[in-house]
Amino acid sequence: MTEIFGFPIQALMGQLVLGLVNGSFYAMLSIGLSVIFGMLNIINFAHGAFYMIGAFLAWMGLYYWGISYWWSLILVPLAVALIGIAVERTLLQWIYKLDHLYGLLLTFGIALVIEGMFRHWFGVAGQPFDMPDGLTGGFNLGFMFLPKYRAWVIVASLTVCVGTWFVIEKTRLGSYLRAATENPKLTQAFGINVPIMVMLIYGLGVGLAGFAGVLAAPVLQVSPLMGSNMIIVVFAVVVIGGMGSIVGSIATGLMLGVVEAIPKVLYPEISSTMVFIIMAIVLLLRPAGLFGKER
């Protein structure tokens with residue numbers, strides 16, 4: 001058995017793949033947070049709750065309504081986006097001009113309400129979700145066995161993240177969205193409906209969280225606690241990458257997934273705190289984050 005630094009290469013590569021999978025979820029969730037913060041100036045603490053809603057809608061769709069995993073990848077993010085738009089229109093639109101603290105407290109309260117509702121309905125025990133057809137089994141790479149579903153998660157999340165960056169940075173719709181948040185009065189004067197643009201921004205951000213929830217359902221047990229367990233690490237990813245930076249969210253999410261996973265083989269005691277150690281170092285050396293801009 002081949003070893004690196006005295007550790008089996010199979011174990012190291014297995015943790016590397018697991019780190020890339022976790023990093024894919026971090027990237028998907030943090031890019032949604034960055035879109036919402038960068039354009040709306042809202043620290044969306046309810047993001048983990050929308051991620052959890054996405055996983056539960058996929059689970060309910062499969063076991064109650066007969067909706068396959070593949071259809072859930074399309075329908076669930078749309079449903080979560082509509083829920084997010086309803087939240088934005090009824091609650092968040094009133095606090096855009098207030099201090100960031102109001103948005104954080106409001107979205108934290110929304111997250112507690114949503115999580116409490118799902119805990120009341122489903123309990124805290126996780127719900128199993130079967131692997132989708134066509135993605136069971138894996139590939140024998142010689143030095144390790146790569147599960148098909150983990151490979152699919154990495155490819156799907158990277159595709160969606162890059163697609164989101166392209167839409168926001170390189171398309172006319174993206175320019176409208178940026179203009180509506182950077183200079184709403186001037187944008188309104190050009191005949192662009194600013195409230196609709198703001199709705200689309202929040203819907204896009206939470207829709208990405210819903211998509212991540214569907215991807216996570218077959219890997220993790222679907223539980224009301226899955227969002228709160230993930231959101232703290234995701235906020236650390238956003239801070240390290242730079243608040244509002246889409247590229248920073250993608251790169252930092254994948255990097256920290258790997259950085260968090262490898263120590264589980266080399267030095268397990270430090271693995272759970274590695275992300276926060278890196279965050280502290282980055283904030284000391286570059287307070288705006290690795291890809292952020294000083295304001």
Side-chain angles (χ1 to χ4, degrees), residues 26-51 80-81 83-114 161 164-165 167-169 171 173-190 192-210 227 231-250 252-253 279 282-283 286-295:
Y26 295 161
M28 287 282 297
L29 289 169
S30 62
I31 196 174
L33 274 177
S34 293
V35 166
I36 292 171
F37 178 79
M39 293 188 171
L40 303 183
N41 258 357
I42 293 291
I43 302 174
N44 187 35
F45 217 92
H47 212 65
F50 287 112
Y51 164 73
V80 174
I83 296 171
I85 287 173
V87 170
E88 190 275 333
R89 286 291 87 190
T90 56
L91 298 172
L92 295 181
Q93 68 163 324
W94 309 109
I95 62 170
Y96 289 142
K97 296 181 180 180
L98 302 179
D99 187 86
H100 295 319
L101 183 62
Y102 290 93
L104 190 152
L105 291 175
L106 176 58
T107 55
F108 181 66
I110 293 170
L112 291 179
V113 170
I114 294 173
C161 287
T164 302
W165 169 83
V167 168
I168 292 176
E169 298 292 339
T171 66
L173 174 61
S175 65
Y176 288 165
L177 295 175
R178 296 196 307 274
T181 55
E182 292 172 6
N183 197 330
K185 291 183 179 180
L186 181 60
T187 305
Q188 190 85 40
F190 279 98
I192 298 173
N193 193 319
V194 171
I196 288 182
M197 293 294 107
V198 172
M199 285 168 47
L200 290 176
I201 292 167
Y202 195 78
L204 171 64
V206 300
L208 289 170
I231 194 64
I232 300 300
V233 176
V234 173
F235 265 106
V237 171
V238 173
V239 170
I240 294 170
M243 295 292 284
S245 172
I246 296 176
V247 173
S249 295
I250 299 172
T252 307
M279 182 180 72
V282 169
L283 288 177
R286 186 174 170 80
L290 296 177
F291 296 84
K293 297 179 181 180
E294 298 285 351
R295 296 188 178 183

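Values below: every heavy atom of this structure, side chains too, minus hydrogens, waters and symmetry copies. Residue numbers count from 1 along this sequence.
- In this structure, the side chain to side chain donor-acceptor pair (under 3.5 Å) partners of Y96, at least two apart in sequence or on a different chain, are E88.
- Taking CG from L29 and CD1 from I231, the interatomic distance works out to 6.5 Å, rounded to the nearest 0.5 Å.
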What side-chain donor-acceptor pairs closer than 3.5 Å can you find for residues 234-245, not counting sequence neighbours?
unit_1	atom_1	unit_2	atom_2	d
S245	OG	G248	N	3.0

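- Checked against side chain to side chain contact (heavy atoms under 4.5 Å, CB included), A49 has the following partners two or more places apart in sequence or in another chain: A111, I114.
- Taking the side chain as every heavy atom from C-beta outward, H47 and I36 approach each other to under 4.5 Å.
- The CG atom of L208 sits 6.5 Å away from the CD1 atom of I31 when rounded to the nearest 0.5 Å.
- Partners of L105 by side chain to side chain contact (heavy atoms under 4.5 Å, CB included), not counting sequence neighbours, listed by chain and number: L101.
- The side-chain hydrogen bond (donor to acceptor under 3.5 Å, both in side chains) contacts involving residues 232-242 comprise nothing, where partners must be two or more places apart or lie in separate chains.
- The shortest side-chain heavy-atom distance between V87 and V206 does not fall under the 4.5 Å cut-off.
- Going from atom CZ of F50 over to atom CD1 of I110 covers 6.5 Å, rounded to the nearest 0.5 Å.
- Two residues are said to be in side-chain contact when any heavy atoms from C-beta on lie closer than 4.5 Å; L92 and L40 fail this criterion.
- By the 4.5 Å heavy-atom criterion applied to side chains, R89 and P195 are counted as neighbours.
- Using modelled atom types, no side-chain atom of T187 and backbone atom of I192 make a donor-acceptor pair closer than 3.5 Å.
- In terms of the side chain to side chain contact (heavy atoms under 4.5 Å, CB included) criterion, residue partners of F108 (sequence neighbours excluded) are, by chain and number, F45, L112.
- Atom CG of L204 is separated from atom CE of M199 by 13.0 Å, given to the nearest 0.5 angstrom.
- When the side chain to side chain donor-acceptor pair (under 3.5 Å) test is applied to T252, no partner is found at least two apart in sequence or on another chain.
- Residue Y102 comes nearest to L98 through the heavy atom pair CD1-CB, 3.8 Å, listed as atom of the first residue, atom of the second, then distance.
- Looking at residues two or more places apart in sequence or on another chain, you find no side chain to side chain donor-acceptor pair (under 3.5 Å) involving Y51.
- Contact of the I42 side chain with the L106 side chain is not registered, since no non-hydrogen atoms from C-beta on lie closer than 4.5 Å.
- Atoms CD1 and CD1, on I168 and I201 in that order, are 8.0 Å from each other to the nearest 0.5 Å.
- If you take SG on C161 and CD1 on I246, they are separated by 10.0 Å, rounding to the nearest 0.5 Å.
- Taking 4.5 Å as the limit, some side-chain heavy atom of I43 sits within range of a side-chain heavy atom of F37.
- Applying the side chain to side chain donor-acceptor pair (under 3.5 Å) criterion to S34, with sequence neighbours excluded, gives S249.
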